[in-house]
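One structure below.
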Amino acid sequence: MRLTVLGGGGFRLPLVYGALLGDHAEGRVTDVVLHDVDSARLTAIARVLADQAAGVADAPRVTVTTDLDEAVRGADFVFSAIRVGGLEGRAADERVALAEGVLGQETVGAGGIAYGLRTVPVAVDIARRVARLAPDAWVINFTNPAGLVTEAMARHLGDRVIGICDSPVGLGRRVARVLGGDPGTAFIDYVGLNHLGWLRGLRIDGRDQLPRLLADPALLGAIEEGRLFGAEWLRSLGSIPNEYLHYYYFNRETVRAYRGAEPTRGAFLRDQQAGFYAEMEKEGAPALATWDRTRAEREATYMAHNREAAGAGERAVEDLESGGYEKVALALMRAIAHDSRATLILNVRNGTTLSVLDTDAVIEVPCLVDANGAHPVAVAPLPYHATALVCAVKAVEREVLAAAESGSRTTAVKAFALHPLVDSVTVARRLVDGYVDVHPGLAYLR
């Protein structure tokens, strides 16, 4: 089975390859094709993968290419993990937004809109190429903003593109563990959009254990979300929000923390990974050890500004392990390739799952997966406060898609202005001007 990874020079790719190395089932991935526009990054990551594969007799064969059509042609699965504009683009997204006093996070608020406007045209081109060159392939989208990009690609690939994210997986795992359950068998009642969802129940042996967690301040304090949001607010909601909802519920505090931070998260990752790739150009540099050391630092500093704003302290040791998106991807591939049923939280088209959204809206929800793809399970309606946020952000995503398709600067301004975390049409206009000035990839807005 052939797997193509777009963005194959990306830093987190060794997590995926590590998961493949542990898969010895019949019909597993035997060939991995890495594609990237940056040949030096491809070479660096290929070295890390070679170190990982050392001593593994049946390790998947790795090839690299900078030719997109060559990479896609003949693929059984395509992982899309691209970053249009690189980490320099992410750092610029943060800078422009914070100068206007609004959030510039990678996937949330003004930063997420700017990233989406850069990424959607590229993702649509990829989707069209896959439809033409590998019509039977399944596309698994890792590219952020994951829900938005998956919806853009679904317009050309239908249900053969599925988005994944490790945030719901990590949340469910933490809640299950603190309640004494097995994260692998507990059912997580989770619904929303990507980076905008709520865990509303967690069933262990058929019984919902979330009320027990919400009633116990000590248990809540033992999970990262309890320290981030506070036990009182979680009890008020009656659910556990995805960590990214901290940007909405504590927006002023978070913006203040971000504005006082040097460097911003994007700038930190840009500089950190530049150091990693520079180190990898040195002959004899220990590839896997260098990567692993860099990864550990990355995980330890994740959402540091939010924890600072909440007074939540450093990350607990148990929260430092990878969120597990590579395991979700492997489980998804297995279920489709072998028609072995699995239940996974995925980004898929809504159908009739949430009545407040149309059928084509991509949502994040538990799905049953088989050879025919991912099928969202029936869920209870969201409460009004959550419905309001979901509908508002989905409306913004639709304006982003419209702006990317039409090249309309006016529509781009509308997308920024309608977002709940951008509080002024005037600011929205300045944001568009600022982003167009710093991003060549937005020159199409006119």
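Everything quoted here is computed from the prediction, not taken from an experiment. Residues take their numbers from the sequence shown, with the count starting at 1.
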When rounded to the nearest 0.5 angstrom, what distance separates [atom1] in [X] from [atom2] in [Y]?
X: Thr343; Y: Leu368; atom1: OG1; atom2: CG; answer: 4.5 Å
X: Thr254; Y: His246; atom1: OG1; atom2: NE2; answer: 4.5 Å
X: Glu106; Y: Thr264; atom1: CD; atom2: OG1; answer: 11.5 Å
X: Asp36; Y: Leu6; atom1: CG; atom2: CG; answer: 9.0 Å
X: Leu117; Y: Leu442; atom1: CG; atom2: CG; answer: 6.0 Å
X: Leu196; Y: Glu397; atom1: CG; atom2: CD; answer: 9.0 Å

Before accepting this row, confirm whether a basic side-chain N of the pair [X]/[Y] lies closer than 4.0 Å to the acidic partner's carboxylate O.
X: Arg2; Y: Asp76; result: no
X: Asp189; Y: Arg200; result: yes
X: Arg295; Y: Asp292; result: yes
X: Arg174; Y: Glu225; result: yes
X: Asp166; Y: Arg12; result: yes
X: Lys394; Y: Glu151; result: yes
X: Asp38; Y: Arg83; result: no
X: Asp51; Y: Arg47; result: no
X: Arg155; Y: Asp360; result: no

Is there a donor-acceptor contact under 3.5 Å from the side chain of [X] to the main chain of [Y]?
X: Arg160; Y: Asp136; value: yes
X: His419; Y: Leu421; value: yes
X: Gln52; Y: Pro14; value: yes
X: Arg334; Y: Leu332; value: no
X: Asn350; Y: Leu357; value: yes
X: Thr143; Y: Ile82; value: yes

Is the count of non-hydrogen atoms from other residues, nucleotides or ligands lying under 6.0 Å from [X] atom [atom1] greater than 12?
X: Asp67; atom1: CG; result: yes
X: Arg132; atom1: CZ; result: yes
X: Arg409; atom1: CZ; result: yes

Might you point out which heavy atoms bring [X] and [Y] nearest each other, and give the distance in Å?
X: Cys367; Y: Val348; value: SG-CG2, 3.6 Å
X: Ala417; Y: Ala428; value: N-CB, 3.5 Å
X: Gly163; Y: Thr150; value: CA-OG1, 3.4 Å
X: Ala127; Y: Leu157; value: O-CD2, 3.5 Å
X: Ser167; Y: Asn242; value: CB-ND2, 3.3 Å
X: Leu21; Y: Pro60; value: CD2-CD, 3.8 Å

- prompt: So Leu133 and Asp69, side chain to side chain contact (heavy atoms under 4.5 Å, CB included) or not? Walk me through it.
  reply: CA-CA 7 Å; Leu133 299 172; Asp69 287 355; 3.5 Å; yes
Between [Y] and [X], do the side chains contain a donor N or O and an acceptor N or O under 3.5 Å apart?
X: Thr301; Y: Arg265; result: yes
X: Gln105; Y: Glu94; result: no
X: His375; Y: Asp159; result: no

Candidate pair Leu49 and Leu34, rule side chain to side chain contact (heavy atoms under 4.5 Å, CB included), full reasoning: CA-CA 11 Å; Leu49 271 50; Leu34 306 183; 3.9 Å; yes
message: Assess the residue pair Thr107 and His195 against the criterion (side chain to side chain donor-acceptor pair (under 3.5 Å)); give the C-alpha distance rounded to whole Å, side-chain angles, the decisive distance to 0.1 Å, and a yes or no.
response: CA-CA 8 Å; Thr107 62; His195 289 181; 2.7 Å; yes
task: Give me the ring orientation class for Tyr247 and Tyr244: parallel if the planes are under 30° apart, tilted from 30 to 60°, perpendicular past 60°.
output: tilted
query: Step by step, would you call Tyr435 with Phe416 a ring-ring contact (aromatic ring centres under 6.0 Å, His included)?
result: CA-CA 11 Å; Tyr435 284 129; Phe416 282 98; 5.8 Å; yes
task: Mind running side chain to side chain contact (heavy atoms under 4.5 Å, CB included) on Tyr325 and Phe142 for me, showing each step along the way?
output: CA-CA 9 Å; Tyr325 84 109; Phe142 296 19; 2.8 Å; yes
query: Tell me, do Val365 and Ile345 make a side-chain contact under 4.5 Å, heavy atoms counted?
result: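 Val365 vs Ile345: side chains apart.
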